[in-house]
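Because only heavy atoms are used, hydrogens play no part in the values below, and waters and symmetry mates are left out as well, while side chains stay in.
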Amino acid sequence: MILLSVIEPVSILCIICLYILLIWRIFKVKSKLQISELKNGLGKLPKKRKIAIAGLVFFLVCFAGRLLTELWSPGMLMAFNYEEAAKGQNPNGTRFNESDILSDEMLKKVIERGNLKISVEKLSELLTLSTPLDSQKLDVSKESDMKISTEYWIHCSPRVSLYRTNPQTVLNFLVDVYRENFTLNYAENDSVLDVSFDDLEGMEYLDVKDYLQMQATKLKDYLPGNSNESSSYRAEGSEETFSSLYEKIQNFIDVELERYGAFVLENGLSSNRDTYQSRMQYANHILDTSRKKDMAAHDVRIEAIDSYNAYMTRFVLIPTYDEDQEFYMSRTKVGVDYFADEATEFLESATETVEKIKRNTYASEQIGKNNPTAQTHKQAKEQIESLKTELLNLADQSRELCDTYIEEKRDGYMQVSFTSPSTSSVAFYCLLYTLLFVAALSGLALLDPFYREHGKNHTSGFKTAILRRKKEKNKKTEEGARHERT
């Protein structure tokens with residue numbers, strides 16, 4: 001099949017050679033050319049039939065060669081259809097790099113996948129990447145003119161057949177390899193939906209509640225992103241949506257885990273009472289230090305506010321237009337306003353810290369004054385197993401729904417299509433080549449009589465010169481002989 005790809009270059013080379021020959025003959029017979037004779041020659045152009053047949057054969061060969069070459073070695077269009085593509089980003093928000101498509105890593109995987117007998121360097125030379133914007137002249141000094149392409153043309157040279165494969169096969173392997181790499185590295189990462197309980201072994205009862213709450217919160221926080229994109233999406237055979245699963249997980253945290261935590265505190269359950277109480281004491285010491293820092297920062301802000309002059313704390317009105325282009329006077333913040341906001345934040349943080357200290361103190365007291373039975377410990381462990389089972393079920397439902405949704409999204413991320421040759425376009429170019437070919441043949445046929453006459457004159461002149469030289473030589477010989485006789 002590689003021979004087909006050389007038909008068009010050979011045809012063009014043939015046309016070039018014909019025109020070189022035509023120009024050379026024109027140069028040779030230009031002194032004998034006359035306009036009237038050329039006009040008469042055009043009217044009685046010799047070998048018209050042969051020229052027409054040669055032109056038809058040339059057209060058919062050129063057309064078949066170009067068409068079959070494009071069918072055998074089509075171009076491939078890779079289009080990215082997700083929202084972030086227009087911003088030059090991957091689905092996960094990282095920067096998109098088009099050089100990754102034909103990177104050495106991708107080509108190495110293509111060679112391994114197809115068991116190709118070719119090196120990475122050679123394959124890189126046979127593949128080209130371009131975009132529709134390459135032909136446009138962009139003025140990068142103007143931000144409005146800067147465009148980001150979401151479509152990429154990839155072409156494989158027919159010369160790849162020298163390595164016992166064909167261009168379309170190479171492009172198919174390239175798409176498969178790049179799609180897998182793109183999905184793995186740049187698509188949504190849903191590994192957060194994986195729930196593990198390996199760390200629960202030997203954990204304190206109250207710590208189990210915090211750990212399970214952390215795992216459930218991971219699931220809950222992942223779902224709203226998909227829900228915002230498609231709130232009514234459902235997997236086939238299931239009535240669950242992202243919103244309904246979100247509510248179930250939230251209910252698990254607010255009800256089931258809180259019920260378990262209340263049971264543990266009520267019965268003062270602990271795997272090691274002394275160790276847990278010491279830990280709570282240390283935690284409260286750290287929390288109290290944080291509370292003091294927050295209150296000190298709060299007091300500094302309040303003191304700074306009190307130090308402001310009343311004239312300096314007056315608000316400032318600035319002429320402004322709202323979204324409806326209505327004029328109003330907007331109040332802008334001054335320094336004292338920022339101090340007030342920060343003071344409020346530090347006070348809220350200190351209040352939350354006090355609540356944590358109280359919870360830790362209460363838990364330590366409950367564990368210290370209760371002496372739970374073995375039956376109570378058994379009930380707590382049964383509740384833990386029940387909570388684990390319920391959380392695993394919620395994780396499986398979330399995984400199933402998200403995987404189905406993401407798979408559909410990923411299928412639309414990248415659209416790949418192979419170009420089909422345009423018969424009319426191929427015919428147009430081949431017709432253009434044929435016209436040049438026929439014009440060259442016609443010119444040579446038209447000049448043929450003049451060139452032949454030039455050749456005859458050149459030959460007769462050459463013969464006359466030879467005879468003249470022979471006569472002169474004979475004459476000299478006779479004169480020499482006569483001189484000797486004398």
Exercise. Are any of the side-chain nitrogens in Asp341 or Arg301 under 4.0 Å away from the carboxylate oxygens of its partner?
Worked result: no
Problem set entry | Leu245 and Leu219, any side-chain heavy atoms less than 4.5 Å apart | no
Problem set entry | Note, Phe263 side chain near Leu269 side chain (heavy atom, < 4.5 Å) | yes
Problem set entry | Ion pair check, Glu258 and Lys209, cut-off under 4.0 Å | yes
Problem set entry | Gln281 side, atom CD; Ser364 side, atom OG - distance, nearest 0.5 Å | 8.0 Å
For this session: Step through the shown structure and confirm whether more than 12 heavy atoms of other residues, nucleotides or ligands are within 6.0 Å of NZ on Lys122.
Result: no
For this session: For Ser243, check side-chain hydrogen bond (donor to acceptor under 3.5 Å, both in side chains) against everything at least two apart and list the hits.
Result: Ser227
For this session: Report the residues that fulfil ring-ring contact (aromatic ring centres under 6.0 Å, His included) with Tyr186, sequence neighbours left out, ordered by chain and then residue number.
Result: Phe182
For this session: Could you give me the CA-CA distance, side-chain angles and deciding distance for Tyr211 and Phe197, then say whether ring pair (Phe, Tyr, Trp, His ring centres under 6.0 Å) is met?
Result: CA-CA 9 Å; Tyr211 184 84; Phe197 303 121; 7.1 Å; no
For this session: Would you name the heavy atoms of Val110 and Leu174 that are closest together and state the gap between them?
Result: CG2-CA, 3.6 Å
Exercise. Does Ile118 reach the side chain of Leu126, with side-chain heavy atoms less than 4.5 Å apart?
Worked result: yes
For this session: For the pair Asp288 and Arg291, evaluate salt bridge (Lys or Arg N to Asp or Glu O under 4.0 Å) and give the outcome as yes or no after the intermediate values.
Result: CA-CA 5 Å; Asp288 187 58; Arg291 181 192 65 81; 3.1 Å; yes
For this session: Flag the pair Glu303 / Asp299 as yes when at least one side-chain heavy-atom distance between them is below 4.5 Å, and no otherwise.
Result: no
Exercise. Side chains of Asp194 and Arg399: closer than 4.5 Å at any heavy-atom pair?
Worked result: yes
For this session: Check the pair Glu180 / Arg113 against salt bridge (Lys or Arg N to Asp or Glu O under 4.0 Å), numbers first and verdict last.
Result: CA-CA 12 Å; Glu180 293 173 4; Arg113 180 73 59 89; 2.9 Å; yes
For this session: Would you please classify the geometry between the Phe96 ring and the Tyr152 ring as parallel, tilted or perpendicular, with 30° and 60° separating the classes?
Result: tilted
For this session: Please check if the distance between the ring centroids of Tyr405 and Phe242 is under 6.0 Å.
Result: yes
Exercise. Mind checking what makes ring-ring contact (aromatic ring centres under 6.0 Å, His included) contact with Phe59, not counting sequence neighbours?
Worked result: Phe63
Problem set entry | Carboxylate-amine/guanidinium contact Glu112 Lys109, below 4.0 Å | no
Exercise. Under 6.0 Å from the CD atom of Glu400, do we count more than 12 heavy atoms belonging to anything else shown?
Worked result: no
Problem set entry | Short N-O contact, Glu125 and Arg159, less than 4.0 angstrom | no
